[in-house]
Amino acid sequence: MPTTNDETITQVVKAFQSLGVDEQLALFWFIYKEMGDSITPAAPQASTVSPDIAEGLFNQIKEKSQEEQLQFQRDLINKADTEYTRMYGSMSDTTKLLVWYRLAQGMDSGTIIPMPPNYELSSEAKQVLEQIKGLEFEQQITTLRDYVSPMGAEPAGGAEV
Ligand code: 45D
């Protein structure tokens, strides 16, 4: 039987996924800004994360044009099948989260396409943001892990890394 907390998380993830693709990207960015320094590689369960694998994919995306960088992120959400989304699909959930974290850091440092200035979230997206802000830190992590988990494409048959 799922607990109330599990149901809350499931409901928030569904609301997140029901937004348009660009709205999801924008909301994800605002979440990153809200979480800020509370995200650290010392977080629990770091043993299931493969930093080198995340870095390898990130480095390839970093070399692309801004348009292609944005397309890659849209492809992940759309579950489009490309060389890169398959790489993503082969990762553990926490490694997937690390890929997104690295992309957000890249936006901060100017190597990844930035948010357009003065971007306003839709009221639907704002609602989801408020719901996520109301969760405990561990629940936020679970929510984000559940959110990034189904993205990308199925690997050809490799194991998770
Ligand atoms: O022109 O256990 C729009 C680890 C509009 C460690 C756009 C962790 C049009 C191990 C589409 C908006 C650190 C992994 C443009 C745990 C337009 C561990 C572009 C925790 C340009 C628990 C929008 C990790 C774009 C965590 C490009 C908590 C938006 C990680 C991009 C959290 C948004 C990561 C991005 C988060 C958002 C990442 C890249 C919250 C990324 C958010």
Side-chain angles (χ1 to χ4, degrees), residues 5 9 12-13 15-80 82 84-85 87-126 128-152 160-161:
N5 283 343
I9 289 169
V12 174
V13 171
F16 199 162
Q17 290 164 336
S18 72
L19 300 169
V21 170
D22 282 11
E23 275 296 296
Q24 291 185 44
L25 282 173
L27 171 59
F28 208 10
W29 173 252
F30 282 88
I31 295 168
Y32 168 76
K33 283 288 151 192
E34 288 288 340
M35 294 183 84
D37 297 339
S38 61
I39 307 172
T40 108
Q45 300 186 30
S47 58
T48 62
V49 69
S50 305
D52 297 350
I53 307 278
E55 205 59 22
L57 178 56
F58 172 73
N59 283 335
Q60 293 181 62
I61 300 306
K62 196 178 64 173
E63 298 309 319
K64 299 194 168 294
S65 70
Q66 291 203 331
E67 236 101 290
E68 289 169 318
Q69 292 174 344
L70 181 54
Q71 191 55 49
F72 166 69
Q73 298 180 62
R74 288 173 170 152
D75 284 348
L76 285 180
I77 293 175
N78 283 324
K79 303 184 192 179
T82 75
Y84 303 105
T85 59
M87 241 180 258
Y88 178 94
S90 72
M91 297 172 176
S92 73
D93 291 348
T94 309
T95 306
K96 288 174 180 169
L97 205 45
L98 185 55
V99 170
W100 281 105
Y101 180 51
R102 295 293 292 121
L103 288 168
Q105 287 185 314
M107 292 171 75
D108 263 340
S109 69
T111 55
I112 299 290
I113 183 173
M115 284 291 289
N118 310 319
Y119 190 95
E120 270 256 20
L121 285 179
S122 67
S123 58
E124 289 84 359
K126 276 183 190 154
V128 180
L129 182 60
E130 288 311 313
Q131 286 178 300
I132 292 174
K133 281 161 76 173
L135 299 174
E136 304 282 336
F137 182 70
E138 279 308 314
Q139 295 181 323
Q140 291 178 339
I141 302 283
T142 305
T143 302
L144 294 180
R145 208 183 271 126
D146 287 357
Y147 172 62
V148 302
S149 171
M151 290 181 191
E160 277 195 351
V161 284

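Note that the numbering runs from 1 along the sequence shown for the chain. Everything numeric in this text was worked out from a predicted model, so none of it was measured. First listed ligand is number 1; within each ligand, the first listed atom is number 1.
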Tell me whether the centres of the aromatic rings in Phe72 and Tyr88 are closer together than 6.0 Å.
no
Identify the two heavy atoms, one from Asp93 and one from Val148, that lie closest to each other, and give their separation to 0.1 Å.
O-CG2, 4.0 Å
Which of the atoms of ligand 1 are close to Tyr32, meaning less than 4.0 Å from one of its heavy atoms?
40 (C), 42 (C)
Provide the number and element of each atom of ligand 1 under 4.0 Å from a heavy atom of Pro114.
21 (C)
Any Gly106 heavy atom less than 4.0 Å to ligand 1:
no
Any idea how Phe30 and Tyr119 line up, ring-wise: parallel (<30°), tilted (30 to 60°), or perpendicular (>60°)?
tilted
Nearest heavy atom to atom 31 (C) of ligand 1, choosing from Met35, Lys33, Gln73, Glu34, belongs to Gln73
Per-atom filter on ligand 1: closer than 4.0 angstrom to a heavy atom of Leu103 are 39 (C)
In terms of heavy-atom contacts, Asp146 and Gln17 come closest through O-NE2, 4.3 Å
NZ/Lys33: more than 12 non-hydrogen atoms of other groups inside 6.0 Å
yes
Nearest heavy atom to atom 29 (C) of ligand 1 wins, so pick from Leu25, Ile112, Ile141.
Leu25
Between Gln73 and Ile113 the two heavy atoms that sit nearest each other are NE2-CG2, 4.3 Å
Given that the side chain starts at C-beta and the backbone is N, CA, C, O, which of these parts of Met107 lies under 4.0 Å from ligand 1, counting heavy atoms, or is it both or neither?
side chain
Relative to the heavy atoms of Met115, which atoms of ligand 1 are at a distance of less than 4.0 Å?
12 (C), 23 (C)
